Asks: 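I have a structure here, written as structure tokens, and I will follow up with some questions on it.
Keep in mind that this is a model prediction, so the values were computed, not measured.
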Amino acid sequence: MKFPALSTSKTLNFPANLMEKQNIPFQIFLRKISVQGKTNRSVKSVQALSKNNSGSISIATTVTEERDRVFDSSRNDKGWIHFVGIGGCGLSALAMFALKQGYEVSGSDIEWSSFMDGLQEAGALLHIGHSVENMRRNAASRLPDAIVVSSAIPQHNVEILCAKSAGVPVYKRDRWLGKLTQGYNLIAVSGSHGKSTTASMLAYVLDGMGDNLTAVVGAHVPQFSGGNIIFGDGWNFVLEADEYDGCFLGLSPYIAIVTNLDWEHVDIFQNEEAVKATFRKFLSRIRVGGHLILCGDSEGAYSLLTDGKQPIGSHIWSGLRSRPLEKCSDSYNITSYGTTSFNDWHASSIRPNLKGGCDYTLCHQGCSVVDISLQIPGVHNVLNSLAVIATVVTLFSDQSPINNTINCVSLHLNNFIGIKRRFEMIGTIYGCHIYDDYAHHPTEVSAVIQAARQRFPNKSLLVVFQPHTYSRLAALKDDFANALRDADQVVVTEVYAAREIDEQNVGGRELAATIIGPPSEYIPSLDDVVDKLAFQISEKPHRNFVVLTLGAGNITTVGPKLLYELRRRLQVNS
């Protein structure tokens with residue numbers, strides 16, 4: 001597999017271990033695989049799964065390989081890839097993956113992000129601001145072998161124009177992901193919400209079970225040594241599959257997970273029906289004989305199975321759902337999960353536990369199987385864990401008794417601590433607990449407030465919300481107001497514009513005025529928010545507060561600054 005030639009002297013090759021991957025299911029039986037190119041690989045057998053005392057499942061294989069060494073291991077010989085918009089969660093993960101593969105990596109963005117810290121430490125050359133000079137080396141005699149562009153970058157970007165004029169291939173994320181995952185046993189985790197947590201949880205569990213997988217996630221995962229990637233040489237590839245700008249339409253997954261479906265990315269999708277149309281295209285990309293793992297509790301996700309007909313009313317929705325799901329598609333198998341008993345896998349008796357997370361009873365086709373314990377709170381994380389269970393059982397269904405597999409999965413789910421910016425604890429001082437979360441959609445705001453109520457049922461909940469993009473706020477303002485009314489106090493900041501300019505005549509002030517119930521205040525400046533909260537909390541330091549900072553922008557700086565200021569005012573040593 002090669003990229004289009006740049007010139008007679010410029011080619012960009014994937015490493016040999018990537019070229020060896022074939023489009024085959026996880027369950028490998030007696031089969032000879034003929035590989036085009038310089039590598040011949042015979043996979044003789046995958047015998048069984050065995051579980052050891054640590055909860056690891058090992059895969060017994062007999063593999064013979066005859067390999068011609070055609071790829072030089074030196075980084076420069078593999079090529080130079082430049083990433084435009086490298087500071088975002090999605091592109092930063094792909095850049096880190098390219099570094100792990102041995103490529104020379106550079107990139108640019110309009111401002112520094114936390115994702116860029118790890119890239120710089122790993123050897124990437126990073127630039128703030130977009131310029132032709134970012135793509136020139138050796139007195140302008142050398143250009144990148146390819147550039148990969150974030151969906152948020154406009155096509156008139158100077159680096160894109162420079163690359164096109166010089167004949168350097170320009171890849172949007174969808175085409176790059178398609179090439180990157182080609183030949184793997186791809187497990188694509190999609191959905192309007194919960195993609196990062198579900199993909200991270202799944203990859204963590206599979207890694208703990210001994211599967212030598214590869215994973216790319218759009219968030220920092222503390223339990224991944226690679227930050228937001230796992231770089232293995234096995235067949236499985238877990239990928240967070242983003243619907244923004246149709247990014248996931250370049251994929252051909254063996255297993256596709258749909259966690260839910262809402263009207264999101266309103267700058268791209270005109271309405272929820274447009275989102276559904278894009279997801280239906282994605283489902284058509286599932287390989288023949290593959291699997292769809294879908295949350296049956298999500299009315300939007302379940303409607304993907306109804307040939308474009310939107311169910312009206314819960315009784316009709318339940319009636320449609322009562323159909324055997326395996327009959328809904330001729331090309332792939334369908335498994336559902338949720339909190340209601342009509343799903344193939346469902347959680348019952350959901351209750352808080354002493355670790356601040358959730359316990360529940362796992363049921364399969366109406367029968368109790370085992371109790372599951374999570375360290376992370378919220379019903380949304382119960383659903384995420386159900387997606388993981390359904391997926392792992394699907395992968396190992398022909399190779400291990402189902403109870404052995406589930407017991408192993410349960411062990412690793414219990415050890416999963418979550419990911420950055422998802423109900424992440426910043427710190428505690430006296431009676432005040434400070435948490436930060438990426439929630440920037442009404443559904444996500446509701447979920448994280450519910451999780452906070454679960455963990456801290458007797459504390460006052462003070463939410464600081466930074467709206468993300470004017471278009472999202474204008475389209476969903478009333479939904480945001482309804483979600484935020486479940487807090488005890490709300491502070492709304494000015495909008496984090498990201499890639500947009502204010503053409504909506506709506507901002508944080510208008511949202512704050514719409515919230516009915518809790519005291520709500522508009523404070524545009526983040527520094528002023530810190531000052532106000534520090535004064536309020538230090539007046540009654542032993543009062544039980546939970547401060548939640550919510551949003552996808554630079555609101556994440558408020559928590560650490562507030563903690564520092566409270567320690568200074570209350571003279572508490574860090």
Asks: Salt-bridge test for D245 and R173: reply yes if a basic N is under 4.0 Å from a carboxylate O, no otherwise.
Replies: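 Between R173 and D245 there is no salt bridge, as every charged N stays at least 4.0 Å from the carboxylate O atoms.
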Asks: Test H265 against every option in T278, D242, T469, V275 by the side chain to side chain contact (heavy atoms under 4.5 Å, CB included) rule and name the one that passes.
Replies: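 Checked T278, D242, T469, V275 against H265; only one passes side chain to side chain contact (heavy atoms under 4.5 Å, CB included): D242.
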Asks: Fit a plane to each ring of Y204 and F416, take the angle between them on a 0 to 90° scale, and name the class: parallel (under 30°), tilted (30 to 60°) or perpendicular (over 60°).
Replies: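 Rings of Y204 and F416: tilted, 30 to 60°.
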Asks: Sub-3.5 Å donor-acceptor pair from the side chain of R287 to the main-chain atoms of S252, do we have one?
Replies: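 Pair found, side chain donor or acceptor close to backbone of S252.
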Asks: What about H291 and Y332, are their ring centers closer than 6.0 Å?
Replies: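 No; Y332 has its ring centre 6.0 Å or more from that of H291.
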Asks: Look only at the side chain of R175 and the backbone of Y171, and say whether a donor-acceptor pair between them is shorter than 3.5 Å.
Replies: no
Asks: Backbone N or O of F231 within a donor-acceptor pair of the T214 side chain at under 3.5 Å?
Replies: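 Not a single qualifying donor-acceptor pair exists.
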Asks: Write down the atom of V221, the atom of S200, and the distance for their closest heavy-atom approach.
Replies: CG2-OG, 3.3 Å
Asks: Determine whether the aromatic ring centres of residues Y337 and H346 are separated by less than 6.0 angstrom.
Replies: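 Judged by ring-centre distance (under 6.0 Å), H346 and Y337 do not meet the cut-off.
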Asks: Classify the side-chain pair Y244/D267 by whether it contains a donor and acceptor separated by less than 3.5 Å.
Replies: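 Present: a donor and an acceptor within the cut-off.
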Asks: State, to 0.1 Å, how close D145 and G79 come at their nearest heavy-atom pair, and which atoms those are.
Replies: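 Taking D145 first and G79 second, the nearest heavy atoms are OD2-CA, 3.2 Å.
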Asks: Could you tell me if the ring centre of Y254 sits under 6.0 Å from that of Y184?
Replies: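 Here the rings of Y184 and Y254 have centres that are no less than 6.0 Å from each other.
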Asks: Could you verify whether a donor N or O on one side chain and an acceptor N or O on the other, from W80 and S106, lie under 3.5 Å apart?
Replies: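 There is such a pair (donor and acceptor under 3.5 Å, judged by atom type) between the side chains of W80 and S106.
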Asks: Under the 3.5 angstrom rule, does the side chain of S113 hit a backbone N or O of G87 as a donor-acceptor pair?
Replies: yes
Asks: Is the side chain of N260 donor-acceptor paired with the backbone N or O of S298 at a distance under 3.5 Å, no angle test?
Replies: no
Asks: Which residue in the set T405, N185, L202, D211 passes side chain to side chain contact (heavy atoms under 4.5 Å, CB included) when paired with L395?
Replies: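 Result for side chain to side chain contact (heavy atoms under 4.5 Å, CB included) with L395: N185.
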Asks: So, the side chain of S446 versus the backbone of T443: is there a donor-acceptor pair under 3.5 Å, distance only?
Replies: no
Asks: Is the closest basic N to carboxylate O distance between R422 and E444 below 4.0 Å?
Replies: no
Asks: In this structure, is the centre-to-centre distance between the rings of H193 and H441 below 6.0 Å?
Replies: yes
Asks: Do the side chain of N381 and the main chain of N384 share a donor and acceptor less than 3.5 angstrom apart?
Replies: no
